[in-house]
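First up is the structure itself, then whatever we jot down about it.
Order of listing sets the numbers, starting from 1, for every ligand and every atom in it. Just so it is clear, the values below take in all heavy atoms, side chains as well, and ignore hydrogens, waters and symmetry mates.
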Amino acid sequence: MTTRRGFLRRSALSGAGGLLGSLPLARAAAPLTRSFAPQRLMNGEALQTQDFNGAGSLRVHAEARRLLTGCAVIPGKLRDDPEYASLVAAQANIVVPENALKWEQLRPAVGLFNFTEADAVVAFAAAHGQRVRGHTLCWHNQLPRWFASTATPENARQLLTEHIQRVAGRYAGRMHSWDVVNEAVDSENGRSDGLRNTPWLALLGDDYIEYAFKTAHAADPQALLTYNDFDIELDTPEQARKRAKILQLVRKLKARGTPIDALGIQSHLGTTEAPAGAGLRSFVRELRRLGLQVFITELDVNDRKADGLVPDRDQAVARVYAQYLGLMLAEPNVTAVLTWGITDRYTWVGNKDPRPDGTPPRPLPFGPDYRPAPAFFAVRDSFDARTLA
Ligand code: XIL
């Protein structure tokens with residue numbers, strides 16, 4: 001029998017159609033002849049005459065290439081900010097709750113689940129023909145306050161099991177994918193398996209990742225199960241070591257028959273780092289050989305260190321988008337591109353490290369005024385350049 005999971009995996013890896021299933025593909029993309037032309041963005045008239053939220057949207061351009069594209073969303077803003085909600089509806093064929101599916105938000109008390117915000121995102125997506133990613137079932141950050149004083153080696157497996165069953169079970173059949181485990185590798189801590197010292201590792205031992213994937217698969221056999229991590233994009237020695245440890249983990253999981261379908265590469269980038277290159281490319285290719293799709297899960301470009309006025313900063317950000325997506329979308333197993341937010345009005349960038357001049361960061365495809373930034377065109381052009389096998 002062909003399961004949906006198997007079908008999606010095969011069709012994505014072969015580059016054939018079918019990845020988007022029942023998503024509306026009717027709005028055909030207008031043929032795009034122009035290439036990324038930054039100066040165009042200085043011309044308000046050109047901006048107004050283009051239909052960025054219709055035939056010219058990221059969504060339409062992605063669908064023409066059978067790609068998934070979308071962003072992390074904030075349920076409260078979907079409710080209270082109609083312009084934001086329309087932008088998300090127009091630009092995304094997949095969304096992911098930025099925080100609403102984390103333990104901290106879902107479980108105010110050990111026995112109490114609050115699904116209100118996550119349900120709102122799933123309902124919004126259904127209303128707009130969008131898929132949903134779940135983020136995340138097992139992570140060491142954003143655990144509720146009660147966790148540290150409640151979880152013990154005796155009850156931790158039960159806590160995790162119950163969590164995955166309740167949460168993945170609730171949305172079973174409605175999730176495109178789940179980030180089952182997030183950020184579990186730390187190549188620098190001296191362990192030969194590269195696992196990060198987290199409460200989960202301490203409480204459950206080193207098979208907890210495999211266990212989480214198996215439990216998630218049982219709770220939602222249709223969702224594509226993803227391992228998600230960060231700082232694995234660049235050609236630095238440290239990031240190369242982290243990629244190697246992640247490959248080691250994925251090989252082990254595969255060898256043990258663990259249901260893992262995809263690797264999520266967060267892709268929180270910056271304007272002043274050396275660009276991603278050969279290391280990332282061979283990582284993605286190795287994942288393809290192992291039968292995994294790759295999702296770009298949290299893309300944004302921090303312009304904290306970019307010099308100049310806003311137009312210069314925007315160009316620097318757009319150049320990183322163009323270079324990164326050019327590299328990644330040349331690989332057929334890279335099948336989804338999600339940014340961590342859609343408008344610079346709502347971004348986590350800058351929360352920890354604001355720009356020294358105090359001005360707000362501009363890391364996303366749309367500016368704080370919801371107008372497309374140069375990064376939007378970089379993303380769109382990178383979709384157009386994607387070749388279909
Ligand atoms: C971030 C959110 O964007 C913030 O709103 C929150 O305060 C902290 O978490 N890696 C991840 C995401 O996997 O869950 C993080 O999201 C960003 C880094």
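Checking Lys242, Glu298, Gln239 one by one against Phe230, the side chain to side chain contact (heavy atoms under 4.5 Å, CB included) holds for a single residue, Lys242. Of the residues Phe366, Tyr370, Phe377, the one that meets the ring-ring contact (aromatic ring centres under 6.0 Å, His included) test with Phe52 is Phe377. Looking at Phe147, Phe113, Trp139 one by one, the single match for ring-ring contact (aromatic ring centres under 6.0 Å, His included) with Trp103 turns out to be Phe147.
Given atom 8 (C) of ligand 1, the protein heavy atom at minimum distance is Gln142 OE1, 3.3 Å. Of the protein's non-hydrogen atoms, Asn99 ND2, 2.9 Å is the one closest to atom 5 (O) of ligand 1.
Interface of Gln266 with ligand 1, defined as ligand atoms under 4.0 Å from a residue heavy atom, comprises 10 (N), 11 (C), 13 (O), 18 (C). Close approach of ligand 1 to Lys102 is summarised as follows: ligand atoms under 4.0 Å from at least one heavy atom of the residue are 1 (C), 2 (C), 9 (O), 12 (C), 14 (O), 15 (C), 16 (O). Ligand-side atoms of ligand 1 in range of Glu183: 10 (N), 11 (C), 13 (O), range being under 4.0 angstrom from any heavy atom. Short contacts between ligand 1 and Trp139, defined as distances under 4.0 Å to a heavy atom of the residue, involve ligand atoms 14 (O). In the vicinity of Glu98, heavy-atom distances shorter than 4.0 Å reach the ligand 1 atoms 2 (C), 3 (O), 4 (C), 5 (O).
Aromatic pair His61/Phe376: centroids not less than 6.0 angstrom apart.
In this structure, Ile246 and Leu263 have side chains that are in contact, with non-hydrogen atoms separated by less than 4.5 Å. Side-chain contact check for Ile260 versus Tyr227: some heavy-atom pair is nearer than 4.5 Å.
Contact record, Glu117 with Gly76: OE2-N, 4.3 Å, taken as the closest heavy-atom pair.
Note: an N/O pair closer than 3.5 Å links Trp340 and ligand 1 by distance alone.
For atom 14 (O) of ligand 1, the nearest non-hydrogen atom from the set Glu298, His135, Lys352 belongs to His135.
In Thr136, neither the side chain nor the backbone holds a heavy atom less than 4.0 Å from any atom of ligand 1.
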